[in-house]
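Step one of this worksheet: look at the structure below.
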Amino acid sequence: DKCKIKKGSIKTIYFLGNSHTDHLRETHYKISNKLNISIDGNTVSNCVFPPDPDEEKCGDIQSILQERLLNKTRSGDIIVISNRYDTEEPKDYKWLTDKESTERLNDFAKKIALKGGKIVLFEPTPEFQLSIHNCKEEWFRTLTNKNCNIREKVFRKEREHIYNLLDQLPENIILYDPLKAICFNGECSMTDKLGRPLYKDKDHFTDFANSMYIYEDFLRFLKDKKLI
């Protein structure tokens with residue numbers, strides 16, 4: 001219950017995943033206030049959802065959360081999943097990079113659909129190799145480091161294998177593309193056009209990025225998909 005925002009609506013939006021769900025909490029909060037809708041968010045750092053049984057370091061906590069969702073979900077509820085996508089470290093990270101993880105997601109989505117719920121899956125978000133402190137202009141230093149941004153086309157090409165897998169998912173898994181919210185004129189950066197930080201580290205969003213950019217776009221997405 002400590003991970004909930006309770007509102008008057010009978011509909012609940014559940015947010016599940018690893019730290020790439022946790023960095024969206026400002027969006028959770030603003031959506032709850034805007035729509036008078038209950039939010040239930042549970043994240044486990046470095047542990048994907050639906051759970052990977054081979055991730056021994058994660059124990060059974062994500063499995064417990066999955067069973068909880070299957071018991072609590074009601075018709076009209078929305079389950080939003082956001083995990084970090086494949087990366088070189090750790091080597092055993094397998095979120096949607098093998099047949100087994102895709103099958104686990106499909107199986108969970110089928111069970112949720114039988115209960116009248118909907119699944120929304122966040123697509124990849126850009127990651128950078130620098131600290132945000134190296135990507136902010138200061139009065140004594142202009143920004144010249146090209147590693148502070150990446151062309152959207154380049155990012156999509158680098159993650160082409162992921163996008164191909166996402167395109168193969170069934171229609172009952174609704175995809176949300178956050179690049180439309182946080183990339184500007186084909187450029188993805190650690191800061192916005194005014195130099196304000198969108199990232200608090202190499203791959204996690206700031207509350208400012210949520211409040212100014214992601215929240216409005218995700219809210220519009222939910223309405224366009226007639227989920228709310």
Side-chain angles (χ1 to χ4, degrees), residues 1-22 24-25 27-29 31-32 34-44 46-55 58-86 93-124 162-178 217-228:
D1 286 346
K2 293 180 180 179
C3 299
K4 295 180 181 178
I5 303 174
K6 293 183 179 180
K7 297 288 186 177
S9 172
I10 61 171
K11 184 192 293 286
T12 298
I13 303 180
Y14 294 90
F15 288 88
L16 283 300
N18 53 27
S19 62
H20 278 228
T21 286
D22 195 53
L24 300 171
R25 287 199 182 275
T27 291
H28 305 177
Y29 172 76
I31 285 177
S32 178
K34 177 72 174 181
L35 302 177
N36 192 35
I37 196 169
S38 295
I39 298 292
D40 189 313
N42 287 274
T43 66
V44 184
N46 295 317
C47 299
V48 300
F49 185 93
D52 181 351
D54 294 331
E55 286 188 330
C58 296
D60 59 0
I61 186 168
Q62 290 285 41
S63 297
I64 293 171
L65 290 174
Q66 180 172 247
E67 287 305 311
R68 175 176 175 270
L69 259 292
L70 292 174
N71 289 328
K72 290 179 69 68
T73 299
R74 297 172 297 185
S75 180
D77 286 348
I78 306 166
I79 291 84
V80 181
I81 299 173
S82 181
N83 293 306
R84 186 182 187 187
Y85 283 83
D86 74 324
Y93 195 79
K94 298 179 181 178
W95 171 240
L96 293 191
T97 59
D98 60 3
K99 182 180 179 181
E100 288 76 16
S101 63
T102 303
E103 288 178 345
R104 285 193 296 271
L105 177 60
N106 287 339
D107 181 64
F108 177 70
K110 289 177 183 177
K111 292 175 180 177
I112 291 297
L114 289 174
K115 298 176 72 66
K118 301 290 186 181
I119 299 282
V120 172
L121 178 63
F122 265 66
E123 293 186 9
I162 297 174
Y163 287 110
N164 288 338
L165 287 170
L166 292 173
D167 287 341
Q168 297 172 35
L169 293 175
E171 291 183 358
N172 61 331
I173 299 175
I174 305 168
L175 301 176
Y176 170 68
D177 182 5
D217 189 72
F218 189 58
L219 181 64
R220 189 161 46 248
F221 164 85
L222 294 175
K223 291 179 178 179
D224 288 346
K225 296 296 182 180
K226 296 180 170 55
L227 295 173
I228 55 175

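It should be emphasised that the depicted structure is a prediction, and the values quoted were computed from it without experimental measurement. In this chain, numbering begins with 1 at the start of the sequence shown.
Not a single donor-acceptor pair under 3.5 Å links the side chain of Lys225 to the backbone N or O of Tyr176. Side chain of Asp77 to backbone of Thr12: a donor-acceptor contact under 3.5 angstrom is found. A donor-acceptor contact shorter than 3.5 Å links the side chain of Asn18 to the backbone of Arg84. Remark: side-chain polar atoms of Gln66 are not paired, donor with acceptor, to backbone N or O of Pro51 under 3.5 angstrom. Listed for the Glu67 side chain is no donor-acceptor partner under 3.5 Å among the backbone atoms of Ser63.
Residues Asn42 and Arg68 have side chains in contact (heavy-atom distance under 4.5 Å, counting atoms from C-beta outward). Between Asp52 and Ser101 the shortest side-chain heavy-atom distance does not fall below 4.5 Å. Taking the side chain as every heavy atom from C-beta outward, Pro178 and Phe218 never approach each other to under 4.5 Å. Two residues are said to be in side-chain contact when any heavy atoms from C-beta on lie closer than 4.5 Å; Thr102 and Leu169 meet this criterion. Between Pro53 and Glu100, the closest side-chain pair of non-hydrogen atoms is not below 4.5 Å. Here the side chains of Ile228 and Ile78 are in contact, with some heavy-atom distance below 4.5 Å. Here the side chains of Leu96 and Tyr85 are in contact, with some heavy-atom distance below 4.5 Å.
When each of Trp95, Phe108, Phe15, Tyr14 is paired with Phe49, the ring-ring contact (aromatic ring centres under 6.0 Å, His included) condition holds for Phe108 and for no other. For the side-chain hydrogen bond (donor to acceptor under 3.5 Å, both in side chains) test with Arg25, the passing option among Asp22, Thr27, Thr21 is Asp22; the others fail. When Leu24, Leu16, Leu121 are each tested for a side chain to side chain contact (heavy atoms under 4.5 Å, CB included) with Ser82, only one passes: Leu24.
When all heavy atoms of Leu70 and Lys111 are compared, the closest pair comes out as CD2-CB, 3.7 Å. The heavy-atom pair separating Ile37 from Ser32 by the smallest distance is O-OG, 2.8 Å. The minimum heavy-atom distance linking Pro124 with Leu166 is given by the pair CD-CD1, 3.9 Å. Shortest non-hydrogen contact noted between Thr73 and Gly117 is CG2-CA, 4.2 Å.
Within 6.0 Å of OH on Tyr163 lie more than 12 heavy atoms contributed by other residues, nucleotides or ligands. Ile64 CD1: more than 12 foreign heavy atoms inside a 6.0 Å radius.
Annotation: the span from Asp60 atom CG to Cys47 atom SG amounts to 11.0 Å, rounded to 0.5 Å. Lys11 contributes atom NZ, which lies 9.5 Å from atom NZ of Lys118 (distance to the nearest 0.5 angstrom). Atom CG of Leu175 and atom CD1 of Ile119 lie 11.5 Å apart (nearest 0.5 Å). The line from NZ of Lys99 to CG of Asn106 is 11.5 Å long, rounded to the nearest 0.5 Å. Within the model, atoms NE2 of His20 and OG1 of Thr43 stand 11.5 Å from one another, a figure rounded to the nearest 0.5 Å. Interatomic distance, Asn36 CG to Ile31 CD1, rounded to the nearest 0.5 Å: 13.5 Å.
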Practice prompt. Kindly indicate, with the supporting measurements, whether the criterion side-chain contact (heavy atoms from CB on, under 4.5 Å) is fulfilled by Phe122 and Val80.
Written response: CA-CA 8 Å; Phe122 265 66; Val80 181; 3.7 Å; yes
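The pair Lys110-Asp107 does not meet the salt-bridge criterion, since no charged nitrogen lies less than 4.0 angstrom from a carboxylate oxygen.
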